[in-house]
Each structure stands twice: as structure tokens, then as C-alpha cells.
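Worksheet: one structure, shown below.
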Amino acid sequence: MRKILEKIGEQFSRLLAEAGRLSILFGQAVVGIFSPPFRLEESLLQMEEVGVHSLSVTLITGAFTGMVLALQTYIGFKRFNAESLVGTVVALSMTRELGPVLTGLVVAARAGSSIAAELGTMRVTEQIDALTTMAVNPIEYLVSPRLLAGLVMLPLLTALANIMGITGGYLVSVYILGANSLVYIRRTFDYLTYQDIYSGIFKAAVFGVIITVVGCYKGFYAEGGAHGVGRATTGAVVMSYMLIIISNYIITALFF
Amino acid sequence: MIQLIDIHKSFRNKQVLKGVNLEIKRGESMVVIGGSGCGKSVLMKHIMGLIWPDRGRVLIEGRDIASCSRWELKEIRKKFGMLFQGAALFDSMTVGQNVGFGLKEHTSLSKEEIRKRVQEKLQMVGLPGIEDLRPDELSGGMKKRVGLARAIAMEPEILLYDEPTTGLDPIMADVINELIIRMKEVYKVTSLTITHDMKSAYKIADRIGMLYDGRIIEVGTPEEIQNTQNPIVRQFITGSAKGPITEGACL
């Protein structure tokens with residue numbers, strides 16, 4: 001019994017230590033964004049890496065999610081003659097939940113893993129130490145631009161995923177399921193409020209911070225050569241997924 | 001110029017350094033020798049504040065780096081150049097960007113002036129005209145020389161060399177040795193080299209110290225080390241399989 005309690009205590013203290021290190025890294029990266037030198041060039045490069053390079057996969061995910069949502073909702077709603085509300089359900093689901101969450105998960109898998117692998121490789125090949133010896137703060141140079149990129153690009157990607165999802169739902173409903181185009185569009189926007197859109201965009205910004213900070217954290221503290229980099233990459237994706245899913249519930253329950 | 005006083009360091013219950021004392025004088029070329037895994041790189045990383053000691057002090061020009069503010073530490077680090085064992089070139093940049101990185105970060109030189117300085121440093125290490133190559137297009141010896149060009153780009157007062165000749169063929173190793181000697185003669189830099197290549201150590205050192213079992217057990221000129229009566233140092237420099245080291249825990 002004592003051994004089990006010791007094990008639980010050990011795991012708990014390890015979890016707390018990890019949360020502490022993650023928070024410190026996040027804090028230092030935030031300070032780095034607002035401290036000179038302002039790394040505009042690096043930030044733009046990272047925005048391209050996190051945002052532009054994730055664009056196609058995000059757009060396809062958004063479009064097909066909207067399409068399948070329209071299909072499934074139509075099948076269900078037809079049972080009680082509520083097919084006209086398909087547009088409303090697609091729009092609300094995309095903007096409030098599926099847009100930000102699926103974009104977050106897609107970017108975590110694509111860009112979060114890439115950040116962890118890149119920084120992990122830099123750590124094990126002493127490139128991060130080289131930055132420090134050259135009197136360059138590696139957190140300001142490597143983490144702050146990535147954090148800023150996640151914060152800016154995730155809301156933009158989510159907005160595009162929402163548009164693609166709503167458009168996909170419209171195309172399936174009107175051209176495959178035979179819904180009336182005008183009624184569908186009206187139903188889509190009749191019940192959609194600005195708060196639905198803002199809440200999704202706000203969540204996306206939080207997910208952007210989670211993905212980039214977790215990716216940087218896992219890479220930054222990678223150790224043990226190629227195996228360590230692999231572990232950091234997997235760890236970054238798993239941790240980002242967990243934090244996105246959990247924070248999504250907390251944000252929805254508390255604020256929206 | 002650099003003093004290490006009673007440095008202790010442990011990693012996960014393994015004590016690597018057990019009270020290292022070492023002084024490097026201005027303009028001196030100090031070489032620390034020792035077996036693989038004995039903590040030579042750990043020792044070197046303490047000087048730059050990449051690793052902090054559990055106990056003991058690191059003084060740079062009399063100043064304890066542990067008591068320095070972030071800004072002061074940054075200014076101290078600008079006095080250093082470091083050549084890493086694997087060169088640690090930034091693989092997202094070209095050779096030219098690597099060599100000019102410190103200048104871009106810390107000086108107000110124009111792009112043209114940085115380009116000229118980069119050309120000059122690459123010329124100095126015998127690699128002119130490779131600015132546009134990427135690190136993965138270079139051989140091991142070329143990487144080390146580019147790493148050296150990057151280390152000297154800011155014209156530092158102190159140079160640290162981490163296993164500069166490891167993994168190189170004998171001719172390339174000697175090219176690196178000659179470059180290290182040239183840095184000392186031309187720029188009057190103070191340097192610390194860690195190596196287990198005795199040929200290199202004898203050639204570049206003013207003094208040699210041996211790290212064994214977490215302590216510096218002997219310091220002397222290359223001649224003194226070659227004629228030492230210490231059985232541990234003797235076994236290491238002669239590269240004998242039999243002796244007190246192989247009966248100890250370090251190797």
C-alpha cells in the first residue's frame with residue numbers, strides 16, 4: 001500500500017514539475033515577445049510554417065467535416081421533419097466546436113510535432129547551447145516567434161475552416177440532398193450570433209498557444225539523441241491533444 | 001582570467017565533478033585531458049553558464065558568474081567563442097548566415113560589412129567561397145572549420161574548444177591544431193581545449209590538466225606531463241590498457 005502511495009506521489013510531483021517548467025517557458029516566451037530585439041522576420045517565417053503550411057489540410061478537414069455534418073444531421077432531422085434546420089446545426093457546430101477543435105488537432109499533429117522535432121534536434125546537436133554561448137536567449141529566439149505564430153495563425157485557420165465547413169454543408173444539402181438554397185442560407189445565418197464566432201476564434205487562439213508552447217517545451221527539453229527526439233515529438237502531440245480537449249470543455253463551460 | 005573553484009556537479013545521483021579547481025591565465029592555452037565520460041564537456045559548459053554547479057564558483061576576470069544579472073551574463077558571453085564537438089552549426093541557415101549570426105545579433109554592421117567579415121573569417125579557416133552552402137553539404141572537417149569561423153567572427157577574448165580533433169583524419173586534425181595555434185598567436189586569445197587526443201594536446205597546450213574521477217589530478221606543461229610519475233596520468237598519456245585507470249570506475 002505504501003509503495004503504491006509513494007508511486008502516486010512520485011507521479012504527481014513529476015506532473016507538477018512538468019507543469020511548472022511549461023509555465024515558466026510560457027512566461028519567458030511571452031516576455032520575449034514584448035522585449036527587444038523584436039524578431040519580426042522569425043515570427044513571419046514561423047507564421048508561414050504554422051499557418052500557411054497547415055492551410056491545405058485544414059481546409060480539407062473543414063470542408064469534409066461540414067459535408068458529413070450536413071449529411072448526418074439531415075438523416076437524423078428528417079425523422080421528425082426538421083430538415084430545414086440542417087444549415088443552423090452545421091453553422092453552430094462548425095463555429096462553436098468543430099472548427100476550432102479540429103483545426104487545433106490538425107495543427108497539433110502537423111505543426112506541433114514539427115516544432116518539437118526541430119527544437120529537439122537542435123537540443124541534442126547542441127545548437128541551442130550554441131545560441132546561448134553566442135549570447136542569444138534561445139527562448140526569445142526560438143519559442144517567442146513560434147508562440148506568436150500560433151496565437152495569430154490558429155484563429156485565421158479556424159475562420160477559414162468554418163467558411164469551408166459551412167460551404168461544404170451548403171453544397172451537400174443543396175446539390176445532393178435537394179434543400180432549397182435560399183432557405184438553407186437564411187437558416188444558416190438566422191441563428192448564428194457574433195458570440196458563436198468569437199467563442200470559436202477565442203478557443204482557437206488558446207489552442208494556438210497550447211500547440212506551440214507544448215511543441216517548444218517538449219523539443220527544448222529533449223534528451224537522449226534520436227530516440228529522445230522521437231519521444232519528444234510523440235509527447236508533444238499527445239500532450240497537445242489532451243490539453244486541447246480538456247481546455248475546450250473548460251472554456252465552453254466557463255465562458256460560453 | 002578564468003577560475004574554477006571547488007566545482008561539484010551531479011546528474012541523477014551520479015556525481016560527475018567532485019571538486020574541480022583550475023585556473024587559466026590570460027593569453028594561455030590550457031588543455032584538459034581525460035577519458036570519455038569523465039565530465040570534460042560538463043566542466044567546459046560550467047564556464048559559459050550552460051550548466052550551473054551544485055557547489056563551487058566560476059570566476060571570469062574575478063567575477064562570479066552566478067552573481068551576474070542576465071544582462072551581465074550576456075555581456076560576459078560576448079567575450080567567448082566556442083567550438084562544439086559536432087560543430088553545432090544551425091542547419092536551417094547557410095554557412096554564411098552561421099558565421100555572420102553573432103554579428104547580425106550583436107552589432108550594427110551593415111549586411112555588406114557582415115558579408116565581408118564572413119568572407120574574411122572563412123578565408124582564415126581555409127574555406128573561401130562556401131558561404132552559400134548548407135551545413136549538410138559539408139564534411140566533418142569542414143563543419144569544424146566553419147564552427148571555428150563562427151566562433152571567431154565576433155573576435156572573442158576567450159575560445160573554448162570541445163574535442164576539436166575528434167572524428168577527423170590525422171591531416172585534418174593537424175589543420176585544426178594549426179588553426180588553434182594561429183588564433184592564439186594572431187588574436188592573443190585565452191583558450192581552453194578539452195580532448196583525449198594527446199598529439200593535439202602536446203602541440204597546442206601551454207599547460208595540460210588531467211581530469212580523473214571528478215577532479216583535476218595534475219597540471220603541468222606538456223614536458224612535465226610527458227615526464228610525470230603519476231601512474232594514472234602515465235597510463236592515460238601512453239594509452240596503455242593496463243594500469244590504475246582500468247581498475248578504477250571512471251572508464
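Letters A, B, ... mirror the listed sequences (proteins, then strands); counts begin at 1.
Contact of the L22(B) side chain with the Q3(B) side chain is not registered, since no non-hydrogen atoms from C-beta on lie closer than 4.5 Å. Contact annotation: the side chain of I47(B) approaches that of I60(B) to within less than 4.5 Å [non-hydrogen atoms, C-beta and beyond]. Between V32(B) and L43(B) the shortest side-chain heavy-atom distance falls below 4.5 Å.
Residues of residues 233-249 of chain A lying under 4.5 angstrom from chain B, judged on non-hydrogen atoms, do not exist. Residues of residues 19-53 of chain A that come within less than 4.5 angstrom of chain B, heavy atom to heavy atom, are R39(A), E41(A) in numerical order. Within residues 131-141 of chain A, the residues that have a heavy atom under 4.5 Å from a heavy atom of chain B are L131(A), T132(A), T133(A), M134(A), A135(A), V136(A), N137(A), E140(A), Y141(A), listed by number.
Residues satisfying the ring pair (Phe, Tyr, Trp, His ring centres under 6.0 Å) test with Y217(A), not counting sequence neighbours, are Y221(A).
Salt bridge K45(B)/D129(A): present, at least one basic N to carboxylate O contact under 4.0 Å. Using a 4.0 Å cut-off between charged side-chain N and carboxylate O, K78(B) and E75(B) make a salt bridge.
Annotation: cation-pi geometry satisfied between K9(B) and F11(B) (NZ/CZ under 6.0 angstrom from ring centroid, within 45° of ring axis). Annotation: cation-pi pair R123(A)/F220(A) present, NZ/CZ under 6.0 Å from the ring centroid and within 45° of its normal. Figure legend: cation-pi geometry between R150(B) and F90(B), with NZ or CZ positioned under 6.0 Å from the six-membered ring centre and within 45° of its axis.
Remark: the E112(B) side chain and the S110(B) side chain contain no N/O donor-acceptor pair separated by less than 3.5 Å. Side-chain atoms of R26(B) and T190(B) include no donor-acceptor pair closer than 3.5 Å. For T94(B) and D132(B), the side-chain atoms include no donor-acceptor pair closer than 3.5 Å.
The greatest number of non-hydrogen atom pairs below 4.5 Å with chain A, out of Q85(B), M82(B), H106(B), M48(B), is found for H106(B). The choice from A88(B), G86(B), A151(B) that makes the most heavy-atom pairs within less than 4.5 Å of chain A is A88(B).
The CG atom of D91(B) sits 8.5 Å away from atom NZ of K143(B), with the distance rounded to the nearest 0.5 Å.
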I7(B) and K18(B): CA distance, side-chain angles, deciding distance, side-chain contact (heavy atoms from CB on, under 4.5 Å) verdict: CA-CA 7 Å; I7(B) 302 290; K18(B) 302 174 184 174; over 6 Å; no

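Neither the backbone nor the side chain of L73(B) comes within contact range of chain A; no heavy atom of the residue lies under 4.5 Å from a heavy atom of that chain.
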